[in-house]
Number of protein chains: 2
Amino acid sequence: MARFPTIEDVAREASVSRQTVSNVLNAPDIVREETRERVRDVIDRLGYHPHASARRLRSQYSSTIAIRMDPITNGISGSILDRFLHDLTARAAERGMRVLLFTATDPADELAQLRALRDGADVDAVVITSTYYGDPRIPWLIDAGMPFVSFGRPWGEEHAESPDHRWVDVDGFAGVLDATRHLIGRGIRRIGFLGWPAGSATGDDRRRGWTTAMREQFDLTDHELELLTVRVEESVPGARMAVEKLLPLRLVDALVCVSDSVALGAMMAVTEAGRRGFPVIGFDNTPVAKAVGLSSVDQRTDEIAATALDLLMGEQGHRVLTADEVTERSAHRLVAPKLIVRRSSHLTVVEEAGSDPGGN
Amino acid sequence: MARFPTIEDVAREASVSRQTVSNVLNAPDIVREETRERVRDVIDRLGYHPHASARRLRSQYSSTIAIRMDPITNGISGSILDRFLHDLTARAAERGMRVLLFTATDPADELAQLRALRDGADVDAVVITSTYYGDPRIPWLIDAGMPFVSFGRPWGEEHAESPDHRWVDVDGFAGVLDATRHLIGRGIRRIGFLGWPAGSATGDDRRRGWTTAMREQFDLTDHELELLTVRVEESVPGARMAVEKLLPLRLVDALVCVSDSVALGAMMAVTEAGRRGFPVIGFDNTPVAKAVGLSSVDQRTDEIAATALDLLMGEQGHRVLTADEVTERSAHRLVAPKLIVRRSSHLTVVEEAGSDPGGN
DNA sequence: GCGGTGGGTTTGATCGTTCAAACCCTGCGA
DNA sequence: TCGCAGGGTTTGAACGATCAAACCCACCGC
């Protein structure tokens, strides 16, 4: 392989110094216009690209964000993280950042990996996903002074309000509220909620969207709402069996679901029972939802990715901000999801419209 | 943030030279044991990690592999690439390699991205996926002298046999052959094939697995095989409708499918028609297959990832091999997939066993 | 006693860039 | 005329590692 041109080659060819070439690239406004043009021409002609490692070595910025590739493909909803990953990569590129993947076998290993990435000056920041209660990564990252943002709220953690922990999350409450209102708007009254066992922060938050929508329209007690709720584990067959039992009771005329997995189970039960026109709405807008025509609440991963970068680098910046540069107001953000309406929530069978954030 | 220790700090502390520290890390066998131990102790004590960019600058290796994050989440099978990505990252780490993501809006943009990555000396090699007929990336990469491996055969391309183009692919033929034999072994004779429209290289290859298995057992003409074949586009509802029409004809007693998407459609039709005990087998072993109990042919992404790295770096190497270091024999590999049996292909309803490559 | 050998270690140069400071020039006011 | 400001450019050093060659020294054979 032929040697690539260096900044030195460009400088010589353009009859300027190395530093001037560097300035053309990094601070074009301090270079006289004529010089700038000339240097740019040479850069194009030689096909020069700065050597990333040399730049990183000198500037001490890696312009790289690390994210863990999670092994857990939790049911059918795992693909959200993949969509997020894609969008994060695209958005990061717009800001001159790269995304580096890593994997870990367990939490301890993950911390070791993070330490190595930091010490090797390989990454400027980390994006963490799937946070959980008492997540050890968070104090570690704060302590290590490593900038990070989490996709997921720190439910009930001490750092929830602190700018030390920047986070972005999906407003599950708002999403389910929308979905429920959508069904109410179609004239349905007896809308059930198919959720996870109580106690899951995310699940409870989503259910609150449903209870709020139901209460604002109908006069229901907590007890009545509880009767309209079915709770199952996150699994397709489990949900299917639960709904098979529920349908003959004729208690509800539609179901808002906490996830696409359980919604898929519900749909299968509904189909099998021959109850066409019984609306079901899922949550996550996974490819499966798209494939089977299931209405679902879309997480808008692109919006989340863009927001994560805003939190890390500021609205405009091209550099990762350290924790002490972040103010409380700019450290947390909820992204409102968007209901995608498909056949499963129409009373009449209608194909969805062509343009649809759910994919192609 | 406090400054990290450099190789210089370690050297001073251990009373040796920089180079000796470097040797302890990169060529431990040439250092006297006593010295090695002493240096290792100091490294541990100071928590030293080599500065990745400095190393890359000097050594001209980036130890990084780039892969494009594909925007196309083609139906429900998009998740295979994600599993591959995860496995590739894990396997690469074992060999001291990192995986860097990038995205592109179109083929031209992808080439531009690749060029920038190469010129910036950011990556040593590229993994490309979703290759297609006449893929412009392949000649470009060969021409640019950039080492690469593709996940996917170059169907009918000139480079198919050349060591210039290293590739690994799933042996769809063998997978479908297995699946069909599995059904034959269960005593089923009239096994249909649900495929894609003729002309797709991957689809035709998979169908050949079915025809071979059927021929070796039963005496069937091409025409008869054609009658047992149903062809649909890659979509759940399309497959469902096709199978809805097929079932009443009572021509077939089971279906082997070209993908999980169409298999899912088939399953839905079967369920709706109340034909319990009508086996369906998919291909890809997506999370959805796992979730709904669909037997499926698993692509073994981990095996593929490991093989891709073998092709790039040699069986043992810790360095990417350039194209001219590769011999013809070591440039291509087919990975045999593995049938995962679930409820959908049992005549009696039986849950699958606990340990299952399909996830958790 | 002297040259040769080879394992183990050190030394100086180098990778390609940016930082910090110096430099050069022109214009302007005192 | 001189000093000074300041835009534009150049120069030398530094970032932290590895490469290539030199070095040291104990040992061996003749």
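Treat the numbers as computed from the prediction; the structure is a model and nothing was measured.
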Worksheet entry | First of B/Gln19 and A/Arg32 reached from the 5' end of DNA chain D, by closest nucleotide | A/Arg32
Practice prompt. Report the distance from atom CZ of B/Arg38 to atom P of C/dG8, rounded to the nearest whole Å.
Written response: 14 Å
Response to the item:
When B/Arg166, B/Arg95, B/Arg91 are each screened for salt bridge (charged side-chain N to carboxylate O under 4.0 Å, His left out) with B/Asp310, the one that passes is B/Arg95
Discussion item. Without decimals, in angstroms, what is the distance between A/His49 NE2 and C/dT17 C1'?
Written reply: 16 Å
Fill in: Nearest-Å distance for atom pair CG/P, residues A/Leu25 and C/dC19
12 Å
Worksheet entry | Ring centers of B/Phe148, B/His165 separated by less than 6.0 Å | yes
Worksheet item: How would you label the contact of A/Thr6 with the nucleic acid (heavy atoms, under 4.0 Å): base, sugar-phosphate, or nothing?
Response: sugar-phosphate
Practice prompt. Grab the CG-C1' distance between A/Asp9 and C/dT17 for me, whole Å please.
Written response: 13 Å
Discussion item. So B/Tyr61, base contact, sugar-phosphate only, or nothing? Heavy-atom distance under 4.0 Å.
Written reply: nothing
Worksheet item: Of all the nucleotides listed (C/dT18, D/dT18, D/dT9), which has the minimum atom distance to the side chain of A/Ser22?
Response: C/dT18
Worksheet item: Is a donor-acceptor pair below 3.5 Å formed from side chain A/Arg55 to base C/dT17, judging by atom type as modelled?
Response: no
Worksheet, complete the sentence: note: A/Arg18, atom CZ; D/dG8, atom P; distance rounded to Å ~ 21 Å
Worksheet item: Does the side chain of A/His86 come under 3.5 Å of the side chain of B/Thr103 through a donor N or O and an acceptor N or O?
Response: no
Item to complete: Take atom CZ of A/Arg36 as the centre, draw a 6.0 Å sphere, and report whether it contains more than 12 heavy atoms from other residues, nucleotides or ligands.
Response: yes
Worksheet entry | Whole angstrom value for the distance that separates P of C/dT10 from CZ of B/Arg12 | 14 Å
Fill in: B/His51 NE2 to D/dT18 C1', straight-line distance once rounded to whole Å
15 Å
Item to complete: Select base, sugar-phosphate, or nothing to describe what A/Thr35 touches, counting heavy atoms under 4.0 Å on all strands.
Response: sugar-phosphate
Worksheet item: Can you find a donor-acceptor N/O pair under 3.5 angstrom joining the side chain of B/Arg36 to the base of C/dG8?
Response: no
Discussion item. By nearest atom, which of the nucleotides C/dC15, D/dA17, C/dT9 is closest to the B/Leu57 side chain?
Written reply: C/dC15
Discussion item. From C-beta outward on A/Thr20, which listed nucleotide comes closest to its side chain: D/dT9, C/dT10, C/dA13?
Written reply: D/dT9
Worksheet item: B/Arg56 near the nucleic acid: base, sugar-phosphate alone, or nothing, with a heavy-atom cut-off under 4.0 Å?
Response: nothing
Worksheet entry | Nucleotide nearest B/Ile30 when distance is taken to its side chain, options C/dT10, C/dG16, C/dT9 | C/dT9
Practice prompt. Decide yes or no, distance alone: a donor-acceptor N/O pair under 3.5 angstrom between the base of C/dT17 and the side-chain of A/Arg58.
Written response: no
Discussion item. Any carboxylate oxygen within less than 4.0 angstrom of a Lys/Arg side-chain nitrogen, looking at A/Asp122 and A/Arg56?
Written reply: no
